[in-house]
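To keep things clear, I will list the structure first and then write my remarks on it.
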Amino acid sequence: MSALDGSLDELRRSLAGAVVGPADAEYDAARRCFNALVDRRPAVIARCADAGDVATAFDFARAHGLDVAVRGGGHNPAGHCVSDGGLVIDLSSMRTVAVDGEARIARADGGSTWLDFDAATQAFGLVTPGGVVGSTGVCGLTLGGGIGHLTAQYGLTCDDLVGAEIVTPDGAVIRAAQDENAELLWGLRGAGGNFGVVTRMEFRLHPLERVVGGVLTYGGNQVREALRSFRDVAAGSPRDLSCQAVLAADESLAPTLIVVPCSTSSNGDSEELRELRSVPGLVDDGVRARTFLDQQLVIESAYGENRHYWKGHFVRELPDELLDQLLESIVALGRPPGGILIESLHGAPKDADASTGVVGFRNAAFNVSAVATWQDADLDEQFIDWARATAAVIEPWSFSGGGYVNYMQADEPIERVRAAFGAEAFERLQVLKQRYDPNNVLRRNQNIRPLGESESLP
Ligand SMILES: Cc1cc2nc3c(=O)[nH]c(=O)nc-3n(C[C@H](O)[C@H](O)[C@H](O)COP(=O)(O)OP(=O)(O)OC[C@H]3O[C@@H](n4cnc5c(N)ncnc54)[C@H](O)[C@@H]3O)c2cc1C
């Protein structure tokens, strides 16, 4: 029996949503994150139904001295959405996405996933550039920037964020928009969940229903050439083609390259796609005309089944020398390590007015991440070492020294978080943090400490 048991009943009576405690049947499923490496046992999970519930959950945490974690889609590889002995503000019941087709605006509740979002907006033939896996949280992803199948066409997800409602740790409900708390909106475009719990986000939408996309798989001796072609096509391609790739290795340690293009070219058969298809070593061509909803189902990733450790860098360029080193890294573990994800940032991210959001990586060429993925806990150290060693190989080409906050593990030093934004923007964020969360209640994230708080605090 937990010390909180009596108080949990009190919380149950005061929330419109549900409360899940360690004695409840759904506790184990509710505390599970995407990353099976993270296995934590919170004291209580508050499944909030609205902004009022979020404020009540903050009050309860304060009254009982509980550490607070915030859960949207549960995908952050650092596992920030759950903490041992703490209170989880779980937004997974708040998933309504309302679309105003005429104004081309979508309002997504704090726990909506991309599947919720795309289903609602595609009913109007509209999109926002989001994430590539349907179960990822809309707000969590947007708070870190957002890279996906439509990045080259429409920019980062946070570039389309036009407003938000947040509940701060003292229970205040605040709106952020261009004409109201504009500085907060700036911080929400890239600086993670540092300032409050976002209960609603408002996005600009674009008309789009069909794309040409899917997966191209390369194998055999030509992977080296395919990797170079992917780099050249992505770097030089027009705005109507977004392109990502994953370098992997099979059980026999033969490298494979998976390229995931998404074209919105009007003729459906762009020169760049033809170029990718003509590379020798193409063993499977799954690219075809499809609905955007279908494209959003092309990449799947099992929730809570695999252990993950991710580490990478935004890079200025992707020279042959680095590509060759990545080919060595992918077999260096002596078994399939997971993959190396390469996301191109060409096109629209460069168009946006950089001063409207804090995100600091839009001018990088690519985001290159070692994504270690395994199941056996005895191999934790080996896989984590592989990811770190691979990131070290990428580091000399780093754009800013900072990583992608959406992919960072919890052990990243504060310097990496600061470098992700740049020193000046980081200080501006600390002022915002001081205003909205002066006691650093929201510290289970890529943490920005309030101005003046020592960086050596836990
Ligand atoms: C399989 C997979 C696919 C991914 N694909 C992409 C991709 O295509 N593009 C991309 O850019 N990133 C991608 N990511 C990274 C992902 O965007 C980030 O990890 C993001 O933090 C996940 O958000 P979440 O709500 O799902 O996660 P959670 O773990 O629930 O939340 C992560 C953190 O975000 C904050 N947060 C979440 N929701 C809120 C809210 N409503 N209010 C305040 N704070 C909040 C909290 O600090 C929370 O701890 C992917 C990750 C995985 C595991």
Side-chain angles (χ1 to χ4, degrees), residues 32-38 40 48 51 54 68-83 86 88-92 94-95 108-116 129-151 156-158 164-169 176 187-188 190-201 242 244 246 260 262 296 298-306 308-310 312 338-339 341 343 345 349 359 361 367 369 371 373 403-410 436-437 441-448:
R32 205 156 62 120
C33 317
F34 170 81
N35 187 356
L37 190 61
V38 178
R40 302 199 186 115
C48 298
V54 173
V68 173
V70 180
R71 184 189 191 283
H75 273 61
N76 197 283
H80 286 311
C81 66
V82 62
S83 70
V88 176
I89 295 182
D90 179 346
L91 304 169
S92 60
M94 296 173 59
R95 291 172 54 176
D109 282 357
S112 325
T113 64
W114 284 106
L115 205 55
D116 301 328
V132 301
V133 171
S135 51
T136 312
V138 169
C139 295
L141 179 139
T142 307
L143 287 167
I147 303 168
H149 289 311
L150 295 174
T151 303
L156 305 172
T157 311
C158 68
E165 175 190 86
I166 77 165
V167 180
T168 54
L188 295 175
N194 269 288
F195 312 111
V197 170
V198 180
T199 42
R200 189 162 306 130
M201 277 188 171
S242 290
Q244 308 191 356
V246 179
V260 191
C262 178
Q296 288 290 79
V298 159
I299 300 178
E300 286 179 356
S301 201
Y303 190 95
E305 289 178 18
N306 295 313
H308 286 264
Y309 188 93
W310 300 11
L341 172 65
E343 296 160 301
L345 290 166
V359 72
F361 59 79
N367 186 25
S369 311
V371 177
T373 308
Y404 187 24
V405 296
N406 270 350
Y407 297 170
M408 277 186 187
Q409 298 296 146
Y436 293 107
D437 183 19
V441 172
L442 295 165
R443 62 175 63 210
R444 298 278 149 210
N445 46 34
Q446 283 74 25
N447 197 225
I448 293 155

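If you read the sequence from its start, that first residue is 1, and numbering goes on from there. Every number for a ligand or one of its atoms is a count from 1 in the order of the listing.
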Notebook entry, point to check: ligand 1: which residues have a non-hydrogen atom closer than 4.0 Å?
Noted result: Phe34, Val70, Arg71, Gly72, Gly73, Gly74, His75, Asn76, Pro77, His80, Cys81, Leu91, Gly110, Gly131, Val132, Val133, Thr136, Gly137, Cys139, Gly140, Leu141, Leu143, Gly146, Ile147, Gly193, Gly196, Val197, Val198, Ser301, Trp310, Tyr404, Asn406, Tyr407, Arg444, Asn445
Check: Are the side chains of Leu345 and Phe361 in touch, meaning some heavy atoms are under 4.5 Å apart?
Finding: yes
Item checked: Minimum heavy-atom distance between Tyr436 and Pro169, given as atom pair plus value -> O-CD, 3.5 Å
Check: So, for Cys48 and Ile89, which heavy atoms are closest and what is the spacing to 0.1 Å?
Finding: SG-CG2, 4.0 Å
Check: For residues Gln446 and Tyr404, is any side-chain donor paired with an opposing acceptor at under 3.5 Å?
Finding: no
Item checked: Modelled atom types, side-chain donor and acceptor of Asp116 and Thr113, under 3.5 Å -> yes
Margin query: For residues 69-79, which residue pairs pass the side-chain hydrogen bond (donor to acceptor under 3.5 Å, both in side chains) check, not counting sequence neighbours?
Written below: Arg71-Tyr303, His75-Ser135
